Amino acid sequence: MSEELWARIDHYFARELLAEDAVLNQALAANAAAGLPLIDVSPLQGKFLYLLARLMGARRILEIGTLGGFSTIWLARALPVDGGLISLELEEKHARVARANITAAGLGDRVEVKVGPALESLVQLGLNRTHPFDLVFIDADKVNTLAYFEHAVDLCRPGAVIVADNVVRKGQITESNSEDISVQGMRRFIEALSKDLRVEASALQTVGVKGYDGFIIIRVR
Ligand code: SAH
Ligand code: DHB
Ligand code: MG
């Protein structure tokens, strides 16, 4: 089994199951033109997130880690017209590119990109406390995933779903002595989950155009 094979199969499924999508293609082109890193979820993963939101009937979505808004657009497309998505992004430049992509996708009325360290924005969201979230996608700096999860649980309704990206890290997740702070951050997150009676969780390993990685999927009791 090789990355080349995984990518070939991903392209096959994408060709068969995803519609030609000028808006998302344009967003990826804008991200590349602006020099953003190419670490968006894959198109099939994006549609998976969209389907999850759709299946849940999510009305309020929180995303941590916007980048150029590729996953944001997929998630926001699942919302009803009166639904809302808040996406948190550290980098002003990423947020600027994302807002333009989101507006071009016709979703500007439903999506707010908040700039700043996500931990600070999350504290603010807790203080403002409007409607609780139905779905949270955690995909920012991996070191803070546990802290993001703790905030997410507080900001969610019972029955909400929390998805965390990049939990496999090409298989390094089992390396307890890893010097990679992202691996250690994810390991702290998973260890905390294993003891957390407020939630139930599983993990899904993925292969495809993004290589070998995976998601953790959590339901808040
Ligand atoms: N969800 C996006 C990819 C996000 S990449 C997609 O799939 O399309 C991770 C993003 O998290 C980057 O844009 C990075 O700038 C942002 N980030 C990193 N540290 C952060 C922090 N402390 N607070 C908020 N965002 C952060
Ligand atoms: C990285 C971050 C991501 O969110 C991702 O999906 C892939 C890679 C990274 O920081 O390398
Ligand atoms: Mg990711």
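In this text the structure is predicted, and so the values were computed from the model without any measurement. Order of appearance sets the numbers: ligands from 1, and atoms from 1 within every ligand.
- A salt bridge links Arg8 with Glu4; the closest basic N to acidic carboxylate O contact falls under 4.0 Å.
- Under 4.0 Å is where a charged nitrogen must lie from a carboxylate oxygen, and between Arg198 and Glu150 at least one such pair does.
- There is a side-chain donor-acceptor pair under 3.5 Å between Thr130 and Arg60.
- Here is the list of ligand 1 atoms found below 4.0 Å of a heavy atom in Gly116: 23 (N), 24 (C).
- In this structure, Arg99 contributes its side chain and Val113 its backbone to a donor-acceptor pair below 3.5 Å.
- Atom numbering of ligand 1 starts at 1 in the shown order; those under 4.0 Å from a heavy atom of Glu91 are 15 (O).
- Taking distance alone, with nitrogen or oxygen atoms compared against 3.5 Å, Arg169 stays at or beyond that limit from ligand 2.
- Atom 23 (N) of ligand 1 has its closest protein heavy atom at Ala118 N, 2.8 Å.
- Salt bridge Asp82/Arg59: present, at least one basic N to carboxylate O contact under 4.0 Å.
- The shortest contact between atom 7 (O) of ligand 1 and any protein heavy atom is with Val41 N, 2.8 Å.
- Taking the six-membered ring where tryptophan is involved, the planes of Phe215 and Phe48 are essentially parallel, since the angle between them stays under 30° and well short of 60°.
- For atom 2 (C) of ligand 2, the closest non-hydrogen atom on the protein side is Ile39 CD1, 3.6 Å.
- Geometrically, ligand 1 and Gly69 share no nitrogen or oxygen pair separated by less than 3.5 Å.
- The Mg ion (ligand 3) sits nearest to atom OD2 when only the N, O or S atoms of Asp165 are considered.
- In summary, the side chains of Glu112 and Ser87 do not present any donor paired with an acceptor at a separation below 3.5 Å, with no hydrogens or angles considered.
- Arg77 forms no cation-pi arrangement with Tyr50, by the criterion of a distance under 6.0 Å to the ring centre and an angle within 45° of the ring axis.
- Taking all heavy atoms of Asn31, Asp141, Leu28 into account, the minimum distance to atom 19 (N) of ligand 1 is reached by Asp141.
- Among all non-hydrogen protein atoms, the one lying nearest atom 5 (S) of ligand 1 is Ile39 CD1, 3.6 Å.
- Among protein heavy atoms, atom 9 (C) of ligand 1 sits closest to Asp139 O, 3.2 Å.
- Side chains of Gln26 and Asn101: a donor-acceptor N/O pair is absent below 3.5 angstrom, by distance only.
- Of all the atoms in ligand 1, the ones that sit under 4.0 Å from a non-hydrogen atom of Ser71 are 1 (N), 2 (C), 6 (C), 7 (O), 8 (O).
- Less than 4.0 angstrom separates some heavy atom of Lys210 from each of these atoms of ligand 2: 5 (C), 6 (O), 7 (C).
- The closest approach of Asp139 to the Mg ion (ligand 3), by N/O/S atoms, is made by OD1.
- Atom 12 (C) of ligand 1 has its closest protein heavy atom at Glu89 OE1, 3.5 Å.
- With a cut-off of 2.8 Å, the Mg ion (ligand 3) has no N, O or S atom of Ser71 in range.
- For atom 25 (N) of ligand 1, the closest non-hydrogen atom on the protein side is Leu90 N, 3.1 Å.
- With hydrogens and angles disregarded, a donor-acceptor distance shorter than 3.5 Å links the side chain of Lys142 to the backbone of Ala140.
- The residue from Arg188, Arg187, Lys195 that alone fulfils the side chain to side chain donor-acceptor pair (under 3.5 Å) condition with Glu191 is Lys195.
- At most 12 non-hydrogen atoms from other residues, nucleotides or ligands lie less than 6.0 angstrom from CD of Glu179.
- A distance of 11.5 Å separates CD in Glu89 from CZ in Arg96, rounded to the nearest 0.5 Å.
- Near Asp165, meaning under 4.0 Å from any of its heavy atoms, are these atoms of ligand 2: 6 (O).
- Heavy-atom proximity to His94, at under 4.0 Å, picks out these atoms of ligand 1: 12 (C), 13 (O), 15 (O).
- Neither the backbone nor the side chain of Leu36 has any atom closer than 4.0 Å to an atom of ligand 1 (non-hydrogen atoms only).
- Ion pairing between Arg157 and Asp134 holds under the 4.0 Å rule for side-chain N and carboxylate O.
- For ligand 1, the polar-atom distance check finds no N/O of Pro117 at less than 3.5 Å from any of the ligand's N/O atoms.
- For atom 5 (C) of ligand 2, the nearest non-hydrogen atom of the protein is Asn166 ND2, 3.1 Å.
- Interface atoms of ligand 1 facing Leu67, defined by a heavy-atom separation under 4.0 Å, are 2 (C), 3 (C), 4 (C), 5 (S), 13 (O).
- Checked against a 3.5 angstrom limit, the closest N/O atoms of Phe137 and ligand 1 fall outside it.
- Using a 4.5 Å cut-off between side-chain heavy atoms of Ile, Leu, Val, Met, Phe, Trp and Tyr, with links allowed through other members, Leu193 and Ile138 fall into the same hydrophobic cluster.
- If you number the atoms of ligand 1 from 1 as listed, the ones under 4.0 Å from a heavy atom of Tyr148 come out as 21 (C), 22 (N), 23 (N).
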